[in-house]
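First comes the structure, then the notes that go with it.
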Amino acid sequence: MTAAGPHPRVLLLLCLFSSAACNMFAFTEEPSERAGKADGYCSRILRAQSNRKDGNSEFRLRVEGDPESYHPGSTYRVTLSATSPSYFRGFTVIALREGAEGDKDEDYAGNFQIIDEEETQFMTNCPPAVTESTPRRRTTIQVFWTAPPSGSGCVVLKASIVQKRIIYFQDEGSLTKRMCEKESLYGDATDKPLLDCCACGTAKYRVTFYGNWSEKTHPKDYPRRANHWSAIIGSSHSKNYVLWEYGGFSSEGVKQVAELGSPVKMEEEIRQKGDDVLTVIKMKAQWPAWQPLNVRAAPSAEFSVDRSRHLMSFLTMLGPSPDWNVGLSAEDLCTKECGWAQKVVQDLIPWDAGTDSGFTYEGEQCNIVPDNVDDIVADIAQEEKEEDDTPETCIYSNWSPWSVCSSATCEKGKRMRQRMLKAQLDLSVPCPHTQDFEPCMGPGCSDEDASTCMMSEWINWSPCSMSCGAGIRSRERYVKQFPDDGSICTLPTEETENCVINEECSPSSCLVTEWGEWDVCSATCGLGMKRRERMVQMPPADGSICGAEVLEVEKCMMPECHTIPCMLTPWSDWSDCSVTCGKGLRTRQRMLKSPVELGECTEELEQVEKCMLPECPIDCVMSEWTEWSECNKSCGKGHTIRTRMVMLEPQFGGDPCPETIQRKKCKIRKCNRGQGNSDEKKRRKEQREKRRSKQGRTEGTSEHPGCRMRPWSSWTECTKLCGGGIQERLMTVKQRFKTAQLSSCKDRKEIRACNVHPC
């Protein structure tokens, strides 16, 4: 792969990694070699003294991006401009090695390239310099400048302005730009040592891709109809695997990304590398190539690196183009100090994959006339026979295969195919477009026969979502080849199953359900948000708050909104949660700044999302009191009890449970006083105990005035293990005598307290 133009910028942050794609430019052919030596004329221009005036702030020489340094071999856009109402008639732009006098060829650094031949040309007597084509009033001109090779040191770009008889020429200031060579970002494929990483653990990054390629920044040949960035594909990997490299050969996967914008083959190549890959990086395509960030969020993805897989690479195509792409190759995130890079800012270089030809975005479309009629007939015979309005004087190549759909969901997207104009026999008859588009949807969204899809093997199961107890795990596969008729594959690409880790769980662990389905995207077009939830099945045994996430939110992209451009204020801060505990809602708003006369704006002005505060306290819940028991004494002072049960224990700091048993005094009748009475009481007590003991030994009947009773039943089990419970036993009537009164012959029940010790 070879360099194709100026570099974009990449920002890497530990746990926040962002890459800014290049400010793309119009590619042009290399200028012809210099027409001989300068014969001293260039140096005479530099030493010219007549009518010379110190530089004026009304004029400025600017290198796009205002870089302090240059990358060897990279191409930059150079602009010479005048602020209104100033203007200039003539100019000269030249690039010198710092300290050189300009009297020999090796004093000049790099090469200029002409963008507009009606405005600029190479100076006849000083080929390294660029000057005006015709003298006239102008306020700006632009040329390309390709930096010299490595080892050239610092370079000074100088400009002179001719305004009537006054020449503005500056050695310092706004008409002079000094740039020094920057240490090679990539170098040759064999020159960048990949050191062993000595960092510990795993680091997590986020990569965000900002595409700044637009008609405003790069008007030359800008493709208005189909400009886009293809889906981004990459991975974090070891030094044993090279996704792509500068100056190396393009794999079939790289070729399909560079020419068609299809990441399918390259993803297949990545997944085949097994343990050499830690994370597969995928981001959605961007149609069109540029939109403001308040209209469409930049695509991003998270990835991880570890000690053995500490390199990161990715690739994306700028389309339409023959085979132009940008990306990172083997970016090392491990530092020499055995740590992880916290922040890395770099410029990305657009590259030509070398798999196709062409020097404009639309590809090679020169007006070539075939050598003979047989060549034309052969071309026509090879082409697909499709009914269209293509003039017979336009000879095209076959259509390329359809690219992957720009939508990864069931929302409508686009896919593209290309062809090349091979010959235009009649220059007066225009030839139609070389790109074709049709609507499509993401995988699994069509009812077509799934058997026409070619799927990869399932990858290994992911780790269980829980470190102990029950959880879930998942595995994936991907579509290796879509149906030839363009239909959508309906075979599943993801599976989940339950898993259990047989380890002793911590008291602070909790069990959660599987994630629910994603909600519908909050936007009907453009950027929106979607959410999914899961529930806590079992809170931590120690009463702490469950630390597992129960709400997940991610961005979603719907088809492009075809409405007026809305001018909106930034989003306000999120409001407080609508509740003081548990689940609630919070909102944020923004205002419309566009005039009402422009029409209705469909952008949402308010967003609502769920919020979760600590769980609400749950108070103890008790049952109703039982009836008071019979007095425990037959005469004199005694007591009676009643009980109740705990129905729900308190949670999350709720009110504690009150008492479960109550006692109160009772008095049936006075007992007889005196020794005789004491003897009588003693005699009666012995008889009662003797009778009860006899009842416990035999199934004989118990006597009661007017009836015969069954023996006492056994005591029931205590209703509580601690904290105070109750036990019961029953005596039921076995036979009622004819002379018995109903009030004196009835079933009896006894209740007593049990397990009154505290819990």
Side-chain angles (χ1 to χ4, degrees), residues 469-470 504-505 507 509-511 536-544 617-668 684-736 742-759:
E504 183 178 356
C505 295
S509 64
C510 56
L511 181 63
V536 177
Q537 284 185 321
M538 183 185 298
D542 59 4
S544 61
I618 300 176
D619 298 334
C620 179
V621 178
M622 307 291 295
S623 68
E624 296 294 329
W625 287 105
T626 64
E627 297 293 332
W628 288 101
S629 68
E630 294 181 2
C631 192
N632 68 335
K633 296 291 183 66
S634 60
C635 66
K637 295 181 180 179
H639 69 270
T640 181
I641 65 171
R642 66 173 182 175
T643 61
R644 59 180 175 179
M645 300 177 60
V646 176
M647 306 297 292
L648 179 64
E649 294 286 351
Q651 300 182 47
F652 311 117
D655 293 338
C657 295
E659 61 184 351
T660 58
I661 184 169
Q662 286 185 345
R663 296 176 176 83
K664 71 177 182 179
K665 295 179 180 180
C666 58
K667 185 174 183 182
I668 305 301
R684 290 179 179 176
K685 182 177 180 181
E686 290 175 352
Q687 289 179 348
R688 186 164 57 249
E689 290 177 352
K690 183 178 180 180
R691 185 168 58 252
R692 290 180 178 176
S693 175
K694 183 179 179 181
Q695 290 172 349
R697 291 193 304 268
T698 68
E699 289 296 325
T701 61
S702 297
E703 298 297 330
H704 195 273
C707 57
R708 183 175 296 158
M709 307 296 291
R710 288 187 174 86
W712 283 103
S713 66
S714 300
W715 288 103
T716 61
E717 292 186 2
C718 192
T719 58
K720 296 186 66 175
L721 298 177
C722 60
I726 59 173
Q727 288 179 298
E728 296 180 348
R729 70 174 182 173
L730 296 175
M731 178 185 287
T732 58
V733 176
K734 181 177 182 182
Q735 182 180 3
R736 184 176 285 109
L742 294 177
S743 60
S744 63
C745 188
K746 59 182 180 180
D747 294 342
R748 298 185 61 189
K749 179 172 71 172
E750 287 188 350
I751 300 175
R752 70 180 182 183
C754 57
N755 294 340
V756 295
H757 58 279
C759 294

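Scope of the values below: all heavy atoms of this structure, side chains included, with no hydrogens, waters or symmetry mates.
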### Task
Look only at the side chain of D619 and the backbone of G654, and say whether a donor-acceptor pair between them is shorter than 3.5 Å.
no
### Query
Can you find a pair of side-chain heavy atoms, one from R663 and one from T640, that are under 4.5 Å apart?
no
### Query
Is there side-chain contact between D747 and L730, with at least one heavy-atom pair below 4.5 Å?
no
### Message
Can you give me the closest heavy-atom contact between C620 and P658, atom names plus distance?
### Response
SG-CD, 4.5 Å
### Message
Nearest 0.5 angstrom please: R752 CZ to S629 OG, how far?
### Response
12.5 Å
### Query
Is there a side-chain contact between K749 and I751, using heavy atoms and a 4.5 Å cut-off?
yes
### Value rounded to 0.5 Å, distance of CD in Q735 from CZ in R708
5.0 Å
#### Entry: For G638 against K633, the heavy-atom pair lying closest together
CA-CG, 3.6 Å
### Flag if over 12 foreign heavy atoms under 6.0 Å of CD, E659
yes
### Query
Between Q727 and E717, which heavy-atom pair has the shortest distance, and what is it?
CG-C, 4.2 Å
### Atom of M622, atom of C657 and distance for their closest heavy-atom approach
SD-CB, 4.2 Å
### Summary
So side chain to side chain donor-acceptor pair (under 3.5 Å) across residues 642-655, not counting sequence neighbours, yields R642-Q662
### Message
Could you measure the distance from the CE atom of M645 to the OG1 atom of T719? Nearest 0.5 Å is fine.
### Response
5.5 Å
### Query
Is the shortest heavy-atom distance from the side chain of C722 to the side chain of N755 under 4.5 Å?
no
### Query
Between W715 and E750, what is the shortest heavy-atom contact and its length?
CZ3-O, 3.5 Å
#### Entry: Interatomic spacing from NZ in K637 to SG in C666 - rounded to 0.5 Å
11.5 Å
### Query
How long is the gap from CD1 on I726 to CD1 on I641, to the nearest 0.5 Å?
7.0 Å
### Task
Would you please name every residue forming a side chain to side chain contact (heavy atoms under 4.5 Å, CB included) with K665, sequence neighbours left out?
none
